[in-house]
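Shown next, in structure tokens, is the structure this report addresses.
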Amino acid sequence: RAQMHEQGTAESHEVEKDKFLQDSLEDLYAQQLALDPDNAYLIEHGSPVWIANQIRTFHWYRDYLPSAGNVLDWGCNHAPDCCLLRAWFGDRLSLYSCDLIAQHSYEVFHRFAASSYTKLEDSVLLPYPPNFFDAVISSGVLEHVAMDYESLKELYRVLKPGGVLIISYLPNWLSYKEFVRRVVRKRDFHRRLYGKGEAKQLLKRCGFYPISARYHTFFWERWLARVGMECWEPELAPLLAQLLPIHVFSSTLCLVGQKTTAM
């Protein structure tokens with residue numbers, strides 16, 4: 001009975017923290033949109049459903065983060081990952097962020113994240129010393145850089161040995177959405193797509209050993225929560241994904257690679 005009470009208390013605490021994250025991001029989007037009401041990108045990413053997915057993604061990768069150390073949000077844009085990291089970890093992590101845009105472009109988010117932001121002047125080179133970061137987060141970035149191979153080599157340089165590279169929202173070549181955008185609509189498609197196996201090989205060629213690779217979808221997790229079975233999510237969601245792998249054709253990819261000195 002005491003163990004059940006403990007588990008219930010922990011789950012209640014997690015729900016409260018998730019609500020805090022959801023409310024915090026929704027508030028940040030609302031504040032930023034008040035300054036830039038016609039920003040279509042913010043409007044899309046600021047929807048409650050999109051924010052909930054960002055939080056699920058954060059929970060997927062946070063177990064790979066160090067308890068303390070330096071973390072880089074590479075290609076941060078409006079830095080929602082930095083905001084989630086700050087809200088969850090407080091000052092335990094030293095946060096750094098970089099992109100090609102001016103910091104004041106999304107001042108509300110950057111002020112909340114309180115990360116050390118650097119505007120990049122080169123499409124590949126990073127202004128950080130070797131072996132500096134314990135983790136690098138790449139959320140929807142790798143597919144947009146000019147040379148993915150060279151950029152991964154640069155991330156390898158700035159990561160400490162054993163450090164992790166976390167990649168999310170990597171475009172999946174099997175995705176029907178990408179097919180519709182490219183073939184039917186002929187707009188808003190990604191110029192570079194990846195397969196899961198190909199992405200893992202790319203990481204290995206650049207010095208990262210893949211320790212996690214999955215199709216980036218939370219369809220079954222959301223469905224179980226909707227029908228009131230979220231307590232069974234850890235056991236049922238992977239099983240349902242194996243039995244009905246619709247996510248393979250409807251999602252992006254996410255991977256975690258660990259810097260290694262030898263394969």
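The analysis underlying the following values was restricted to heavy atoms, covering all of them including side chains, and did not include hydrogens, waters or symmetry mates.
Nearest heavy-atom pair across Ser151 and Ser123 is OG-O, 4.1 Å. The heavy-atom pair separating Pro48 from Gln22 by the smallest distance is O-NE2, 3.1 Å. Scanning both residues, Glu198 and Leu193, for their nearest heavy atoms gives OE1-O, 3.9 Å. Taking each heavy atom of Leu25 and Cys83 in turn, the nearest pair found is CD2-CB, 4.2 Å.
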Check: residues 252-263 side-chain donor-acceptor pairs under 3.5 Å, at least two apart:
from, atom 1, to, atom 2, distance (Å)
Thr252, OG1, His216, ND1, 3.3
Gln258, NE2, Gly162, O, 3.0
Lys259, NZ, Asn131, OD1, 3.0
Lys259, NZ, Tyr156, O, 2.8
Lys259, NZ, Leu159, O, 2.6
Thr260, OG1, Ala262, N, 3.3
Thr260, OG1, Ala262, O, 2.7

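Taking 4.0 Å as the cut-off between side-chain N and carboxylate O, Glu178 and Arg181 count as a salt-bridged pair.
Counting non-hydrogen atoms of neighbouring residues, nucleotides and ligands closer than 6.0 angstrom, the CG atom of Asp63 exceeds 12 such neighbours. Environment of NZ in Lys160: crowded, with over 12 heavy atoms of neighbouring residues, nucleotides or ligands closer than 6.0 Å.
Contact of the Ser212 side chain with the Tyr61 side chain is not registered, since no non-hydrogen atoms from C-beta on lie closer than 4.5 Å. Contact of the Tyr169 side chain with the Val141 side chain is not registered, since no non-hydrogen atoms from C-beta on lie closer than 4.5 Å. Counting heavy atoms from C-beta outward, Glu107 and His110 have side chains that stay 4.5 Å or more apart. Ile51 places a side-chain heavy atom less than 4.5 Å from the side chain of Ile55.
For His59 and Arg56, the side-chain atoms include no donor-acceptor pair closer than 3.5 Å. Side-chain contact of Asp148 with Tyr194: a donor-acceptor pair under 3.5 Å is present, judged by distance alone. One side chain, Asp27 or Gln31, offers a donor N or O that lies under 3.5 Å from an acceptor on the other.
Note on ring orientation: taking the six-membered ring where Trp is involved, the planes of Tyr106 and Phe109 are perpendicular (angle over 60°, cut-offs 30° and 60°). Between His144 and His190, the ring-plane angle classifies as tilted under the 30° and 60° cut-offs.
In this structure, Ser251 contributes its side chain and Val248 its backbone to no donor-acceptor pair below 3.5 Å. Proximity of a side-chain donor or acceptor of Thr118 to a complementary backbone N or O of Leu120 within less than 3.5 Å is not detected. A donor-acceptor contact shorter than 3.5 Å links the side chain of Thr57 to the backbone of Asn53. Judged by distance alone, the side chain of Asn70 and the main-chain N or O of Leu93 form no donor-acceptor pair under 3.5 Å.
Residues satisfying the side-chain contact (heavy atoms from CB on, under 4.5 Å) test with Arg185, not counting sequence neighbours, are Val180, Arg187.
A distance below 6.0 Å separates the ring centres of Tyr96 and Phe132.
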>> Determine whether Lys19 and Glu16 satisfy the following criterion, salt bridge (Lys or Arg N to Asp or Glu O under 4.0 Å), listing intermediate values before the conclusion.
In response: CA-CA 5 Å; Lys19 187 177 186 310; Glu16 288 177 8; over 6 Å; no
